[in-house]
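Here is the naming used below: chain letters follow the sequence lines, and residue numbers restart at 1 for every chain.
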Number of protein chains: 2
Amino acid sequence: MSWKLDSDRPIHTQLQEILQTQIASGALPPGSKMKSVRELATEAGVNPNTMQRAFAELERLNLIRTERTAGRFVTEDAARIAVAKDEIAMAQLELFRKKMKQLGFEKKEIVDFVRSKWEEEEDG
Amino acid sequence: MSWKLDSDRPIHTQLQEILQTQIASGALPPGSKMKSVRELATEAGVNPNTMQRAFAELERLNLIRTERTAGRFVTEDAARIAVAKDEIAMAQLELFRKKMKQLGFEKKEIVDFVRSKWEEEEDG
DNA sequence: ATGCTTGTATTAAGCGCTTAATACAGTAGT
DNA sequence: ACTACTGTATTAAGCGCTTAATACAAGCAT
C-alpha cells in the first residue's frame, strides 16, 4: 500500500481519495471486507480519528457500507462503482484540460503535447 | 480575473499557482508591472498578508522581481518563463496519467478515453 | 463469562493558515 | 513639505485539522 500523503491538503481528504480510487479500480473488490479503522490508520501512519473521518465520507458516497460490529465492506453495487470510476476519470481529464488551456494550449496543441511526451516510452 | 479559491488547500498556494500560470501563459507579459499587494488582495478577496506570501514564493522561483518601493515586475527572462510553462504542463500530464493508471486504465485506454470525450466537441 | 475485535465518541492540546489592525521605510507626484 | 503609493513587519485572535488518550457498546470465539 502506498499511503503517500502530502501536507498541503487535509489528510482525511487524501485518504478518502486513495480508498475511493482503490474501490473504483477494483483493487478493493465489490463486497469485500475492508481492514479496520485502527489497522488502516496504523498502516497509513495517521490517527484513527482521521481514518474514521475518511470512512465516513466514503459511506456518504455509498461506496462502502458499515456493519456496526463486524466492520466495513465495499458496496456490491457494481454500477455505482462504475459510475464512480467514470466520474473520477472525467474530472481528472477536465482538470488537465482546464489547466493546459490556462497555460495557453489549444486543444490541438494539448494532443500534440501528450503525443510528444508519450510516444517515446513503452507502454506502462 | 478569476480568483476562484477553494478551502481545501492553503490560499497562498493557490494564489501562487494562479499567478504562476498567468506568467507562464503570457497573460502577464515579461517585464510588465504587476498590481500592488493591496490591490490584488482586494481583487482576490484575501488578506494582504496572504497575497504577500504568494508573491514571496513567486520571487523564490525567480518568476518575479521586487523593487522595494516601485512594485513588482514579471521577469524578463523569457527562457525561465518557457521552462516554467513546460514544467507545469509536464507535471499536469504526469498527474493525469498517474491518476488514470491508478484507476486501472492502460495507456492505450487513456488515449481512447480522451478521444471519446473530446471528439464530440468543437475546438475550445 | 472472558477476552478480543469491531465502530464510535469525547476531550484537550498543538499547529498552521488566515484575518484584522496597525506601523514603518522609501519613492514619486504635486 | 505634503500626499499617496510602494513593500514589509508585527501582534493577536479565530478556526480547522490532527493527534493522543481515553472510554463505551456490541458481536464473536473460546
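Take the nearest nucleotide of DNA chain C for A:K35 and for B:R38: the residue whose nucleotide is more 5' is A:K35.
For DNA chain C, the outermost nucleotides in 5' to 3' order that have an atom under 4.0 Å from a heavy atom of chain B are C:dC17 to C:dT27.
Classification of A:E43 and A:K35 as a salt-bridged pair holds, one side-chain N sitting under 4.0 Å from a carboxylate O. Look at A:E94 and A:R97 and you find a salt bridge, because one of the NZ, NE, NH1 or NH2 atoms lies within 4.0 Å of a carboxylate O, short of that distance.
Residues of residues 6-18 of chain A having a heavy atom closer than 4.0 Å to DNA chain C: none are found. A heavy-atom distance below 4.0 Å to DNA chain D is reached by these residues of residues 44-69 of chain B, ordered by number: B:N49, B:Q52, B:T66, B:R68, B:T69.
Clustering ILVMFWY residues whenever any of their side-chain heavy atoms sit less than 4.5 angstrom apart, transitively, puts B:M34 in the very cluster that holds B:W3. Both B:L40 and B:I18 belong to a single network of hydrophobic side chains, linked directly or stepwise wherever heavy atoms of I, L, V, M, F, W or Y lie under 4.5 Å apart. The cluster map of Ile, Leu, Val, Met, Phe, Trp and Tyr, joined by side-chain heavy atoms under 4.5 Å apart, puts A:F73 and A:L28 in different clusters. A:F96 and B:L95 sit in two unconnected hydrophobic clusters of ILVMFWY residues. Membership requires side-chain heavy atoms under 4.5 Å apart, directly or through other members.
Remark: P of D:dT6 and CZ of B:R72 are 11 Å apart, rounded to the nearest angstrom.
Remark: A:E59 pairs with no residue by the salt bridge (Lys or Arg N to Asp or Glu O under 4.0 Å) rule, at least two apart or across chains. For the salt bridge (Lys or Arg N to Asp or Glu O under 4.0 Å) test, no residue two or more places apart in sequence or in another chain qualifies with A:E39.
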Sequence neighbours left out, cut at 3.5 Å: what donor-acceptor pairs do the side chains of residues 82-92 of chain A make with other protein atoms?
none

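A:R80 and A:T75 form no side-chain donor-acceptor contact under 3.5 Å, judged by distance and modelled atom types alone.
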